[in-house]
**Q** 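Dropping the structure in here first, questions after.
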Amino acid sequence: MISVNPLRDTLSDTFGAEVVGLDLRRPMKAETVATLTQALLDNIILVIRGQDLTAREFRDGIANFGAPMMQHRAHFRLPECPEVSRIVNRENMRPAAMWHTDHTNHERPPKATVLYARKLPGAGGDTCFADMYEGLRYLSSEARDRIENMVTLNSMEPDSPSYSAADRARHSQGVRHPMVRTHPETGKQALYFHLTKALDIEGMENHAVRPFLDDLLDQAIRPENTLRHHWTLGDVVICDNRCAMHRADPDFDQAEERLLWRVILEGDKPV
């Protein structure tokens, strides 16, 4: 029997839940999908432990919740199942240590990011999550008023060595997204941007963009709206990208391999 319970190993008791009794290899009933979909909307982060999946089983199990979308960084897609990509501290892939929400350089960024722990360092390597409904609420009234109609222009980071020329040609077009996003299912508003992909903000001098975004994060990220996930092998974590940010903690021995598999699910154009 499947149950959804509050997480116990978190800095925050305001969001995040653990799904118990779910095996992603097995067919899922429609009522189970509906229950878990609502649980994600309610809790923002879902943790499913103890999974033992091939790449195709991972993709197919998560496809119950939406259509997997192809990820950039083509080099890191699994050949046997290209909808699954590797997130690894190897091959010029730098840890995503900054707060962000995935693939904002796409017109329709993913509604969810799903991570599956495949190989872990002996210590550290956690992933942290932040509730950006609350993040928006924590902004000063001046900052909140200022960003009400602001739009970011999103492209690939110019200094990242892990993007191919084909990636850049397709996904560095300055895609426009609002900084205050209305969730298409809950109707709630959240702070929405990717710190390093938002290379410009309409109407703002370029040199002022990064300090401005850093200041917003200083206001928006607090212990009360963050969750730190300590990985164990077999963990699957589903994150609602429309109302959450996340970051990888790089404080681990980089001589050890940290390997996650990632599936992202097709989303809507942010409004």
Side-chain angles (χ1 to χ4, degrees), residues 24 44-49 51-63 65-66 68-106 109-130 154 156-157 159-164 166-168 171 194-197 226-241 244-267:
L24 287 168
I44 302 174
I45 305 295
L46 296 181
V47 177
I48 310 165
R49 304 188 193 274
Q51 301 299 298
D52 182 13
L53 308 167
T54 66
R56 290 187 177 90
E57 287 170 340
F58 177 42
R59 176 200 62 194
D60 293 347
I62 296 305
F65 306 105
M69 63 183 279
M70 205 64 74
Q71 303 174 52
H72 52 240
R73 283 194 176 115
H75 170 72
F76 293 92
R77 298 173 192 158
L78 298 186
E80 71 275 23
C81 188
E83 296 89 351
V84 179
S85 283
R86 294 178 297 127
I87 305 297
V88 66
N89 59 323
R90 296 289 188 272
E91 305 166 57
N92 291 322
M93 182 180 282
R94 299 179 301 207
M98 81 301 294
W99 289 105
H100 66 285
T101 179
D102 282 340
H103 283 50
T104 57
N105 56 316
H106 292 235
K111 70 176 184 179
T113 287
V114 190
L115 301 170
Y116 175 32
R118 299 292 296 168
K119 192 170 184 179
L120 298 171
D126 299 342
T127 299
C128 303
F129 300 91
N154 297 266
M156 287 181 155
E157 300 88 339
D159 62 341
S160 175
S162 63
Y163 297 138
S164 69
D167 284 334
R168 292 191 180 282
H171 297 300
H194 188 305
L195 184 61
T196 59
K197 284 189 169 61
T226 57
L227 180 161
R228 174 178 289 269
H229 182 68
H230 305 288
W231 290 100
T232 58
L233 287 177
D235 284 357
V236 170
V237 176
I238 307 175
C239 170
D240 189 333
N241 269 313
M245 291 188 187
H246 60 281
R247 60 178 291 270
D249 189 339
D251 187 17
F252 64 95
D253 185 352
Q254 295 293 321
E256 298 185 77
E257 186 176 358
R258 176 185 184 270
L259 172 65
L260 308 178
W261 284 354
R262 180 174 70 181
V263 168
I264 57 177
L265 300 180
E266 289 182 2

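Just so you know, these numbers use all the heavy atoms, side chains as well, and skip hydrogens, waters and symmetry mates. Predicted model only: the values in this text are computed from it and were never measured.
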**Q** Can you see which heavy atom on L53 is nearest to which on W261, and at what distance?
**A**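 Heavy atoms only, the tightest pair is O-CZ3, 3.8 Å.
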
**Q** Please confirm whether the backbone N or O of G122 pairs with a side-chain atom of E256, one donor and one acceptor, at under 3.5 Å?
**A**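 Judged by distance alone, yes, a pair lies under 3.5 Å.
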
**Q** Got a second to check how far M98's CE is from T196's OG1, nearest 0.5 Å?
**A**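 Spacing of CE (M98) from OG1 (T196) equals 4.0 Å.
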
**Q** Once rounded to the nearest 0.5 Å, what's the spacing between atom CZ of F65 and atom NZ of K111?
**A**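 Atom-to-atom, F65:CZ and K111:NZ are 9.5 Å apart.
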
**Q** How long is the span from the CG atom in L233 to the NZ atom in K119, to the nearest 0.5 Å?
**A**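 One finds 10.0 Å between CG of L233 and NZ of K119.
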
**Q** Quick one: list whatever passes ring pair (Phe, Tyr, Trp, His ring centres under 6.0 Å) with H246, sequence neighbours left out.
**A**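 Per chain and number, H246 pairs via ring pair (Phe, Tyr, Trp, His ring centres under 6.0 Å) with H100.
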
**Q** From Y116 OH over to D235 CG, what is the distance, rounded to the nearest 0.5 angstrom?
**A**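 Between Y116 OH and D235 CG, I get 9.5 Å after rounding to 0.5 Å.
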
**Q** From I62 CD1 over to I48 CD1, what is the distance, rounded to the nearest 0.5 angstrom?
**A**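 Here the rounded value is 5.5 Å.
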
**Q** With a 4.5 Å cut-off on side-chain heavy atoms, are F252 and Q254 touching?
**A**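 Side chain of Q254 against side chain of F252, heavy atoms only: contact under 4.5 Å found.
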
**Q** Is there a side-chain contact between H75 and R73, using heavy atoms and a 4.5 Å cut-off?
**A**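 Not touching, per the 4.5 Å side-chain cut-off.
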
**Q** Taking all atoms of both residues into account, what is the closest heavy-atom pair of H72 and R77, and its distance?
**A**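 Closest pair (atom of H72, atom of R77, distance): CA-NH2, 4.3 Å.
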
**Q** Quick check: do L24 and E57 have side-chain heavy atoms less than 4.5 Å from each other?
**A**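 Not touching, per the 4.5 Å side-chain cut-off.
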
**Q** Among all residues two or more places apart in sequence or in another chain, which pass the side-chain contact (heavy atoms from CB on, under 4.5 Å) test with P110?
**A**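 Once residues adjacent in sequence are excluded, the partners of P110 under the side-chain contact (heavy atoms from CB on, under 4.5 Å) criterion are M69, D102, H103, N241, I264.
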
**Q** A quick test of your reading: do over 12 heavy atoms of other residues, nucleotides or ligands sit less than 6.0 Å from CZ of R90?
**A**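 Yes - once you tally the heavy atoms of other residues, nucleotides and ligands closer than 6.0 Å, there are more than 12.
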
**Q** Got V263 and E83 here, is their nearest side-chain heavy-atom distance under 4.5 Å?
**A**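 Of all side-chain heavy-atom pairs linking E83 with V263, none is under 4.5 Å.
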
**Q** What's the separation between atom CD in E257 and atom CG in L120, rounded to the nearest 0.5 Å?
**A**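 Those atoms lie 10.0 Å apart.
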
**Q** A side-chain contact here means heavy atoms from C-beta on lying under 4.5 Å apart; do L78 and S85 qualify?
**A**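 Side-chain contact under 4.5 Å: no.
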
**Q** Please report the closest heavy-atom contact between W231 and A117, naming both atoms and the distance.
**A**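 Smallest interatomic distance, heavy atoms only, reads CE3-CB, 3.5 Å.
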
**Q** Backbone N or O of A55 within a donor-acceptor pair of the E80 side chain at under 3.5 Å?
**A**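 A pair under 3.5 Å: no.
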
**Q** More than 12 foreign heavy atoms under 6.0 Å from CG of D253: is that the case here?
**A**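 Buried by this count: over 12 neighbours within 6.0 Å.
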
**Q** Where do G66 and L265 come nearest, in terms of heavy atoms and distance?
**A**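 Heavy-atom minimum between the residues: O-CD2, 3.4 Å.
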
**Q** Restricting to non-hydrogen atoms, name the atom on H230 and the atom on R228 that form the minimum distance, rounded to 0.1 Å.
**A**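 Scanning both residues completely, I find the closest heavy atoms to be CE1-CD, 3.5 Å.
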
**Q** Does the R258 side chain pair with the main chain of G125, one donor and one acceptor, at a distance under 3.5 Å?
**A**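 Checking the backbone N and O of G125 against the side chain of R258, a donor-acceptor pair under 3.5 Å is found.
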
**Q** Quick one, F129 and V237 - any side-chain contact, counting heavy atoms below 4.5 Å?
**A**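 Yes, at least one pair of side-chain atoms sits under 4.5 Å.
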
**Q** Look at the side chain of R262 and the backbone N and O of L115, then say whether any donor-acceptor pair between them is shorter than 3.5 Å.
**A**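 Absent.
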
**Q** Can you list everything that forms a side-chain hydrogen bond (donor to acceptor under 3.5 Å, both in side chains) with D60? Sequence neighbours excluded, please.
**A**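 By the side-chain hydrogen bond (donor to acceptor under 3.5 Å, both in side chains) rule, D60 matches no residue at all.
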
